[in-house]
Colleague: 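After the structure tokens below, expect a handful of questions from me.
Position 1 is the first residue of the sequence, and the numbers go up from there. For ligands, and for the atoms within them, numbers begin at 1 and follow the listed sequence.
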Amino acid sequence: MFENLSERLGGVFDRLTKAGALSEDDVKTALREVRTALLEADVSLPVARQFVKAVEKKATGAAVTKSVTPGQQVVKIVHDELIAVLAGDDQDPGKLKIDNPPAPILMVGLQGGGKTTTTAKLAKRLKEREGKKVLMASLDVNRPAAMEQLAILGQQIGVDTLPIVKGEDPVTIAKRAKTQAGLGGYDVYLLDTAGRLSIDEELMAQVEAVRDVANPRETLLVVDGLTGQDAVHTAENFDNRVGITGVVLTRMDGDGRGGAALSMRAVTGKPIKFVGLGEKMEALETFEPDRVAGRILG
Ligand code: GDP
């Protein structure tokens with residue numbers, strides 16, 4: 001994750017920290033390079049611009065302390081600004097609103113983004129780390145094997161899935177999940193909705209209908225982190241239409257350029273809660289802005 005961006009920024013900052021006393025021009029040149037590096041990582045233009053502006057303002061206003069060189073100080077400002085852009089005001093990204101059982105969590109996203117895999121990963125995490133009793137239900141009546149896929153994952157991780165009843169529509173399944181979660185004493189139930197290859201009216205109407213009966217405590221958009229600005233557009237669309245409370249970026253184990261992570265919060269106002277780091281059931285981590293900022297800066 002972030003290899004290219006990290007490499008680019010590393011180069012810029014090496015030159016900066018070696019320079020000793022910095023002129024205004026040195027800082028300007030460095031920031032221009034930062035902007036280019038961000039754009040190459042598929043960060044959206046307004047976000048890259050705003051980022052550089054914020055750093056520039058802080059760098060010119062900063063009092064030079066004796067313990068660090070001016071170059072190191074600029075690097076520190078960039079680091080802090082990265083955290084600000086990544087985190088927003090979300091203090092606790094790994095925590096979900098799941099008090100008041102049974103708490104419904106709605107999982108939404110496009111087909112192939114990793115929704116079903118992430119549903120199971122999240123169920124495993126809630127069960128093992130928080131000791132929750134979890135129920136999963138697949139509402140995907142479109143893709144023939146989707147329900148079985150979730151049931152198999154449930155068996156693997158030891159989490160119950162709602163029994164499959166052929167021919168039911170997603171709203172009916174969501175209602176059945178709610179009843180079952182209440183009767184069975186579950187703390188949380190995860191609703192894995194169907195995806196489409198692209199956002200279309202039918203998909204959105206279906207997700208809205210499910211949302212209205214489930215009244216979810218959290219609605220998490222699962223989106224492929226490798227798709228850069230497309231991931232951000234997808235999040236905007238889902239947020240406008242169904243309202244999301246957070247984002248899970250998958251495939252962050254791949255050699256993505258990292259732009260989706262950097263633009264997501266600034267463009268959508270919604271926090272990244274988790275990142276997917278592989279196909280295995282353990283490969284889901286809390287999104288930690290300071291660690292990610294550290295990784296970006298290498
Ligand atoms: P859905 O259509 O959105 O439900 O997508 P799936 O959950 O079926 O995932 C599609 C493919 O992506 C599967 O082969 C998953 O194993 C894979 N996948 C999901 N999340 C990740 C991830 O974080 N990293 C990697 N490398 N693969 C993932």
Side-chain angles (χ1 to χ4, degrees), residues 1-4 93-94 105-126 134-157 159 161-162 164 170 173-174 177 189-200 202-204 206-207 210-211 216 218-228 230-235 237-239 241-242 244 246-261 264 272-288 291-292 295:
M1 156 167 57
F2 305 120
E3 278 85 4
N4 296 338
I105 300 180
L106 192 61
M107 309 294 289
V108 301
L110 298 177
Q111 190 176 315
K115 197 166 8 68
T116 301
T117 311
T118 304
T119 302
K121 285 178 178 177
L122 186 58
K124 179 177 158 71
R125 183 188 165 104
L126 292 171
V134 186
L135 177 70
M136 304 191 290
S138 170
L139 313 189
D140 191 346
V141 296
N142 302 88
R143 195 159 57 91
M147 293 186 162
E148 284 80 7
Q149 185 190 344
L150 192 69
I152 290 166
L153 291 174
Q155 275 171 4
Q156 265 177 37
I157 60 174
V159 167
T161 47
L162 190 73
I164 298 171
I173 304 172
Y189 62 105
L190 302 173
L191 300 175
D192 182 19
T193 60
R196 295 281 194 290
L197 290 175
S198 64
I199 290 168
D200 62 28
E202 201 195 332
L203 167 67
M204 287 303 186
Q206 194 183 78
V207 177
V210 169
R211 176 204 60 196
E218 299 269 2
T219 300
L220 300 179
L221 173 79
V222 180
V223 67
D224 183 344
L226 295 184
T227 60
D230 277 348
V232 181
H233 294 315
T234 303
N237 271 314
F238 271 92
D239 193 34
R241 194 65 196 264
V242 288
I244 60 173
V247 176
V248 183
L249 279 186
T250 61
R251 301 217 174 80
M252 295 302 274
D253 48 313
D255 57 355
R257 292 173 295 167
M264 189 60 79
I272 300 169
K273 294 275 189 191
F274 302 100
V275 289
L277 292 167
E279 303 203 23
K280 294 216 176 85
M281 286 294 105
E282 299 73 40
L284 184 75
E285 283 186 9
T286 304
F287 181 73
E288 290 176 20
R291 258 178 65 188
V292 173
R295 259 188 237 169

Colleague: Quick one, T193 with R211, criterion side chain to side chain donor-acceptor pair (under 3.5 Å). Give me CA distance, side-chain angles, the key distance, then yes/no.
Modeller: CA-CA 10 Å; T193 60; R211 176 204 60 196; over 6 Å; no
Colleague: Given 3.5 Å as the limit, does a donor-acceptor pair link the side chain of K121 with the main chain of A283, or not?
Modeller: yes
Colleague: How long is the span from the NZ atom in K115 to the CG atom in L110, to the nearest 0.5 Å?
Modeller: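 Taking NZ in K115 and CG in L110, the distance rounds to 8.5 Å.
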Colleague: Write out the residue and atom name of the closest protein heavy atom to atom 14 (O) of ligand 1, then the distance separating them to 0.1 Å.
Modeller: E279 OE1, 3.7 Å
Colleague: Write out the residue and atom name of the closest protein heavy atom to atom 5 (O) of ligand 1, then the distance separating them to 0.1 Å.
Modeller: G114 N, 3.1 Å
Colleague: Can you tell me how far apart OG1 (T234) and CD1 (I199) are? Round to the nearest 0.5 Å.
Modeller: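 Between T234 OG1 and I199 CD1, I get 4.5 Å after rounding to 0.5 Å.
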Colleague: Mind jotting down which residue pairs meet the side chain to side chain donor-acceptor pair (under 3.5 Å) criterion with at least one end in residues 140-156? Sequence neighbours excluded, please.
Modeller: R143-Q149, E148-K166
Colleague: Could you tell me whether some N/O pair between Q111 and ligand 1 is separated by less than 3.5 angstrom?
Modeller: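 Between Q111 and ligand 1 (N or O atoms, distance only) the closest approach is not under 3.5 Å.
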Colleague: Using the rule side chain to side chain contact (heavy atoms under 4.5 Å, CB included), only one of D192, V159, I105, V248 pairs with T119; which is it?
Modeller: D192
Colleague: Quick check on contacts: which atoms of ligand 1 are under 4.0 angstrom from a heavy atom of Q149?
Modeller: 8 (O)
Colleague: Rounded to the nearest 0.5 Å, what's the gap from CG on L220 to NZ on K273? Could you check?
Modeller: 8.0 Å
Colleague: Under a heavy-atom criterion of less than 4.0 Å, does L110 contact ligand 1?
Modeller: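 Per 4.0 Å heavy-atom rule, L110 contacts ligand 1.
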Colleague: Is it the case that the side chain of D239 and the backbone of I244 share a donor-acceptor pair, with hydrogens and angles ignored and the cut-off at 3.5 Å?
Modeller: yes
Colleague: Any heavy atom of G109 sitting closer than 4.0 Å to ligand 1?
Modeller: no
Colleague: Under 4.0 Å, heavy-atom basis, I'd like to know which part of K121 is in contact with ligand 1: side chain, backbone, both or neither.
Modeller: side chain
Colleague: What protein heavy atom sits nearest atom 10 (C) of ligand 1, and how far away is it?
Modeller: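 Residue, atom and distance for the closest contact: R251 NH2, 3.8 Å.
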Colleague: How far is atom 3 (O) of ligand 1 from its nearest protein heavy atom, and which residue and atom is that?
Modeller: K115 N, 2.7 Å
Colleague: To the nearest 0.5 Å, what is the distance between OG on S138 and CD1 on I173?
Modeller: 7.0 Å
Colleague: When you measure from the heavy atoms of A283 to every atom of ligand 1, does any distance fall below 4.0 Å?
Modeller: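 A283: no contact with ligand 1 (<4.0 Å).
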Colleague: Could you give the distance from OG1 (T118) to CE (M281), rounded to the nearest 0.5 Å?
Modeller: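 It is 8.0 Å, given to the nearest 0.5 Å.
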Colleague: Specify side chain, backbone, both or neither for L277, according to which of its non-hydrogen atoms lie closer than 4.0 Å to ligand 1.
Modeller: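 Answer for L277: backbone.
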Colleague: Just let me know how D253 lines up against ligand 1, side chain, backbone, both or neither, with a heavy-atom cut-off below 4.0 Å.
Modeller: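 Near ligand 1, D253 shows its side chain, while the N, CA, C and O stay back.
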Colleague: So which protein heavy atom does atom 21 (C) of ligand 1 come closest to, and at what separation?
Modeller: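 Minimum-distance protein heavy atom for atom 21 (C) of ligand 1 reads G278 O, 3.5 Å.
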Colleague: In terms of residue, atom name and distance, what is the protein heavy atom nearest to atom 6 (P) of ligand 1?
Modeller: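 For this ligand atom, the closest protein heavy atom is T117 OG1, 3.5 Å.
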Colleague: Does G195 come within less than 4.0 angstrom of ligand 1, counting non-hydrogen atoms of the residue?
Modeller: no
Colleague: Within ligand 1, which atoms have a heavy atom of G276 less than 4.0 Å away?
Modeller: 23 (O)
Colleague: Report the nearest protein non-hydrogen atom to atom 2 (O) of ligand 1: residue, atom name, distance rounded to 0.1 Å.
Modeller: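 Looking only at protein heavy atoms, the one closest to atom 2 (O) of ligand 1 is G112 N, 2.7 Å.
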Colleague: Just let me know how M252 lines up against ligand 1, side chain, backbone, both or neither, with a heavy-atom cut-off below 4.0 Å.
Modeller: neither
Colleague: Is there a donor-acceptor pair closer than 3.5 Å between any side-chain N or O of T116 and the backbone N or O of L150?
Modeller: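 Judged by distance alone, no pair lies under 3.5 Å.
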